[in-house]
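Report on one structure; see the data block that follows.
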2 protein chains.
Amino acid sequence: MATGHTDPHRRERILDATLDLIAEEGIARVSHRRIAARAGVPLGSMTYHFSGMEELLREAFGRFTDHIVAVFDARLGAAADRDQARTAVADLVHSLSEESQRDLVLTQELYTLAARRPAYRELTHEWMRRSRVHLEKHFDPATARQLDALIEGLTLHRALAREPHDRALTVEAIARVTTTDHDAATDRGATTDRNTPGPDAGTS
Amino acid sequence: MATGHTDPHRRERILDATLDLIAEEGIARVSHRRIAARAGVPLGSMTYHFSGMEELLREAFGRFTDHIVAVFDARLGAAADRDQARTAVADLVHSLSEESQRDLVLTQELYTLAARRPAYRELTHEWMRRSRVHLEKHFDPATARQLDALIEGLTLHRALAREPHDRALTVEAIARVTTTDHDAATDRGATTDRNTPGPDAGTS
DNA sequence: AGTCACAGTGTACGTTCGTACGCTCCAGGG
DNA sequence: CCCTGGAGCGTACGAACGTACACTGTGACT
């Protein structure tokens, strides 16, 4: 019986099942058999569609990166001005850290792989690059980089903290990093968009 | 032969070997046998000293947390004033992100576990708590939290970036988050140590 | 209708795994 | 000197693993 003839979504279903499994059980507990069982495909399909575990994982995380980049695009791309960008960043931090346990865990798994293996670092580079493109529409490059790192740190700490910090703290941190009145940051080359002191600091 | 009779460091050696193996190969490739081989102990020792993989991993990461907390203590504890604290934070970010691949990878592995399992979150709580204690000697609690998150984000992004940012950017980000002149942050309860506008912003 | 190429599958093989458990051998008391 | 309790080890067992490969059934083509 060659039932797969009629199902062109086999590959995608396998990749989704892989990500689900990783999110729930961790990369250490992933196996061809468990993925196959979860995806509802025979074991033989695994080696038919993917040359091995390696390729499977890389494609799965590629798929995840596409997803998370889309989330960033949707959130940050909609911001029309600097202040909306700040709000969008705060929204992003809070939605990532309190909804979507799945995305959070998968992000960590990806970073863990990326910390050790350059092949996976390509995926994180693309992710960072895309998010900086959005941020640089509203802030100078140095600020964008700092803000990008801040998003990462705030999201992670909020997700792991015993008592997650409230939105006011997120908003304040963002305001501080993106407000460059007092001095400096002027020679840091705000090429496309000069940084003016934000009108409202909007702390708490 | 009961050679272990004379070696009281068996346990510690096993734990160190576990961390080394995780750092090099990832948690997915850890097994009793591989750990035993690396530690130079017989397989039987594994189940003798530890009830199972679970206990082994938890103790290993407990040991790692002790180590990393000691690093934070050494770096941040030495700072005498606010400005030294800022420098110490910058040093910390850069030493974690460019030396000690091992610590970086293990940190990610720990976070990955913590994101999924509360038991490991205890370890990260302790770590965060200790680092905030240091930061709160020089900054108000809200600033300390923001700075703590910023350290995390800067370290990770610097470690994973294709072209790691230079020290000036780290220093600037720290300055921005810890300088609260223009307004606000005054009602956010700087209990032990009121936040005055830093004398020099010390950007680049 | 008959044939064929090949997408897709079931199964078997060799390896590695965690763990249990009977055995060894030493330190200390008699 | 002998005896003995228990710390520590070697090994064996069943389960699970990744992967290769012979096979099956179907749609397309003549």
Side-chain angles (χ1 to χ4, degrees), chain A residues 1-63 109 112-113 116-117 119-120, chain B residues 1-63 109 112-113 116-117 119-120:
Chain A
M1 201 209 334
T3 62
H5 244 298
T6 60
D7 183 5
H9 304 317
R10 266 271 193 287
R11 264 183 85 91
E12 283 74 11
R13 279 229 322 273
I14 291 175
L15 291 172
D16 286 340
T18 304
L19 289 174
D20 286 347
L21 195 59
I22 294 173
E24 283 176 26
E25 310 239 23
I27 246 187
R29 298 180 66 86
V30 166
S31 75
H32 277 158
R33 282 160 219 266
R34 264 200 272 255
I35 294 169
R38 179 179 266 267
V41 302
L43 176 59
S45 283
M46 302 304 293
T47 46
Y48 177 74
H49 288 290
F50 303 93
S51 74
M53 211 65 253
E54 178 80 15
E55 179 181 328
L56 179 52
L57 287 182
R58 204 150 37 206
E59 281 206 41
F61 277 107
R63 200 172 158 80
E109 294 276 10
T112 303
L113 289 170
R116 207 166 13 232
R117 306 227 264 126
Y120 290 93
Chain B
M1 202 204 337
T3 63
H5 246 297
T6 60
D7 183 4
H9 304 317
R10 265 274 191 285
R11 265 183 85 92
E12 281 76 10
R13 279 229 319 278
I14 291 174
L15 291 173
D16 286 340
T18 304
L19 289 174
D20 286 347
L21 196 59
I22 293 173
E24 283 176 26
E25 310 238 23
I27 249 188
R29 299 180 64 86
V30 165
S31 76
H32 277 159
R33 282 161 220 265
R34 264 201 271 256
I35 294 169
R38 179 179 267 267
V41 303
L43 176 59
S45 283
M46 302 304 293
T47 45
Y48 178 75
H49 287 290
F50 302 93
S51 72
M53 209 69 253
E54 177 80 15
E55 179 182 329
L56 179 51
L57 287 182
R58 204 149 39 204
E59 281 206 40
F61 277 106
R63 200 171 158 79
E109 293 277 10
T112 303
L113 289 169
R116 206 167 14 233
R117 306 229 261 124
Y120 290 93

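Sequence lines set the chain letters: A, B, ... in the order given, protein chains first and strands last, and positions in each chain run from 1. All values reported here derive from a predicted model rather than from experimental measurement.
- The CZ-P distance, from A:F50 to C:dT9, rounds to 13 Å in whole Å.
- Among pairs with a residue in residues 31-46 of chain A, those fulfilling side chain to side chain donor-acceptor pair (under 3.5 Å) read A:E24-A:R38, at least two apart in sequence or across chains.
- The side chain of B:P42 sits closest to D:dC9 out of D:dC9, C:dT9, D:dG8.
- Contacts with DNA chain C (heavy atom under 4.0 Å) in residues 18-28 of chain A: none are found.
- Distance CG/A:L21 to CZ/A:R29: 9.0 Å, rounded to 0.5 Å.
- Considering only residues two or more places apart in sequence or on other chains, B:L113 meets the side chain to side chain contact (heavy atoms under 4.5 Å, CB included) condition with B:I27, B:F61, B:Y120.
- By the salt bridge (Lys or Arg N to Asp or Glu O under 4.0 Å) test, A:E12 is found to be paired with no residue, residues two or more places apart in sequence or in another chain being considered.
- The structure places CD of B:E109 at 7.5 Å from CD of A:E109, a figure rounded to the nearest 0.5 Å.
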Pairwise N/O distances under 3.5 Å, protein to nucleotides 18-21 of chain C:
residue: C:dG18; atom: OP1; partner: B:H32; partner atom: N; Å: 3.2
residue: C:dG18; atom: OP2; partner: B:H32; partner atom: N; Å: 2.9
residue: C:dG18; atom: N7; partner: B:R33; partner atom: NH2; Å: 2.4
residue: C:dG18; atom: O6; partner: B:R33; partner atom: NH2; Å: 2.4

### Message
B:V41 vs B:M46, test: side chain to side chain contact (heavy atoms under 4.5 Å, CB included). Steps then yes/no.
### Response
CA-CA 8 Å; B:V41 303; B:M46 302 304 293; 4.3 Å; yes
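- Within the structure, side chain to side chain donor-acceptor pair (under 3.5 Å) contacts touching residues 13-23 of chain A (residues at least two apart or in different chains) are A:D7-A:R13, A:D16-A:R63, A:D20-A:R102.
- Atom CG in A:L56 sits roughly 15 Å away from atom C1' in D:dC17 (whole-Å rounding).
- Applying the salt bridge (Lys or Arg N to Asp or Glu O under 4.0 Å) rule to A:E55 yields no partners; only residues at least two apart in sequence or on another chain are considered.
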